[in-house]
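To start, the structure itself, in structure tokens.
Counting begins at 1 with the first residue of the sequence. All ligand and atom numbering here is 1-based and tracks the order in the structure.
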Amino acid sequence: MKLLAATTNPGKLREIRRILQPLGYEVIEPPEKIHVEESGFTFLENAYIKAKAYYEHFSMPALADDSGLVVDALGGYPGVYSSRFYSIDFGGREELKGSKDDANLRKLLRLMEGKENRSASFVAFVVLYMGGKGFFSRGECKGVIAEQPKGEGGFGYDPIFIPEGFSRTMAELSPEEKDGISHRGKALRALSELLKKCEL
Ligand code: IMP
């Protein structure tokens, strides 16, 4: 089955391909960028909005991932604001020196200074939209926020997230290790099971 990835995030695209290809899906990169207003207040709403917009624009089954880091000591932030956390009012804006990922990490570590409770989760909702219907699933990976960034792999908040059962950050894991435990790996494998049950 051919699926259009409803994302322009290279880190997500790489992982969606890596996880779905062995399960028999061909994941296509969007031929052009389209602007989609992520106006939802939840991961599920935003994933649905993106999948439907890509389906309608490119006329093929579209798969969206909306995901982020949910930090208990910050009342669930950055959550749906994960990709632009540095720029929102919550906790004060962070100056954009270098990449957005770096600014997001700096802000998160600043807000976590002195916090005893460092527990957090990566959460992903994936939606496949086709033929007027949306199919969704959710995945979660629990862990803690590290004191400082470590590792070169992955993307986003990976260098400051230590998954449960590991003493290394997500950015220090191999791609296979990350996919085996990640929110995205769990959500996509569950979606694949759902599609099989629906005989799609
Ligand atoms: P979205 O494109 O609105 O879904 O934003 C997702 C954001 O959440 C990314 O830009 C990252 O900052 C963060 N994120 C999601 N998944 C991961 C992951 O697997 N590792 C690290 N950061 C992630």
Problem set entry | Every residue of the protein that comes under 4.0 Å of ligand 1, judged on heavy atoms |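 Ligand 1 is contacted, at a heavy-atom distance under 4.0 Å, by Asn9, Lys12, Glu38, Lys50, Asp65, Asp66, Ser67, Gly68, Ser82, Ser83, Phe122, Phe155, Gly156, Tyr157, Asp158, Lys178, His183, Arg184.
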
Exercise. Mind checking whether Phe122 and Phe161 have ring centres under 6.0 Å apart?
Worked result: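 Yes, ring centres under 6.0 Å apart.
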
Exercise. Would a hydrophobic clustering, with Ile, Leu, Val, Met, Phe, Trp and Tyr connected at side-chain separations under 4.5 Å, put Phe155 with Ile160?
Worked result: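 No, Phe155 and Ile160 fall in different hydrophobic clusters.
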
For this session: Going by the side chain to side chain contact (heavy atoms under 4.5 Å, CB included) test, name the single residue among Leu111, Leu109, Ile162, Thr169 that passes it with Ile145.
Result: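 Answer to the side chain to side chain contact (heavy atoms under 4.5 Å, CB included) test with Ile145 among Leu111, Leu109, Ile162, Thr169: Leu109.
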
Problem set entry | Backbone N/O of Phe125 and side chain of Arg138: donor-acceptor pair under 3.5 Å |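 No, Arg138 side chain to Phe125 backbone: no donor-acceptor pair under 3.5 Å.
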
Exercise. Under a 4.0 Å N-O cut-off, is there an ion pair linking Arg106 with Glu95?
Worked result: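 Result for this pair is no, no salt bridge flagged.
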
Residues 42-55, side-chain donor-acceptor partners within the protein, below 3.5 Å, at least two apart:
| residue | atom | partner | partner atom | Å |
| --- | --- | --- | --- | --- |
| Thr42 | OG1 | Glu45 | N | 3.0 |
| Thr42 | OG1 | Glu45 | OE1 | 3.2 |
| Glu45 | OE1 | Phe41 | N | 3.0 |
| Glu45 | OE1 | Thr42 | N | 3.3 |
| Asn46 | OD1 | Gly40 | N | 2.8 |
| Lys50 | NZ | Asp65 | O | 3.1 |
| Lys50 | NZ | Asp66 | OD1 | 2.8 |
| Lys52 | NZ | Glu56 | OE2 | 3.2 |
| Tyr55 | OH | Gly131 | N | 3.1 |

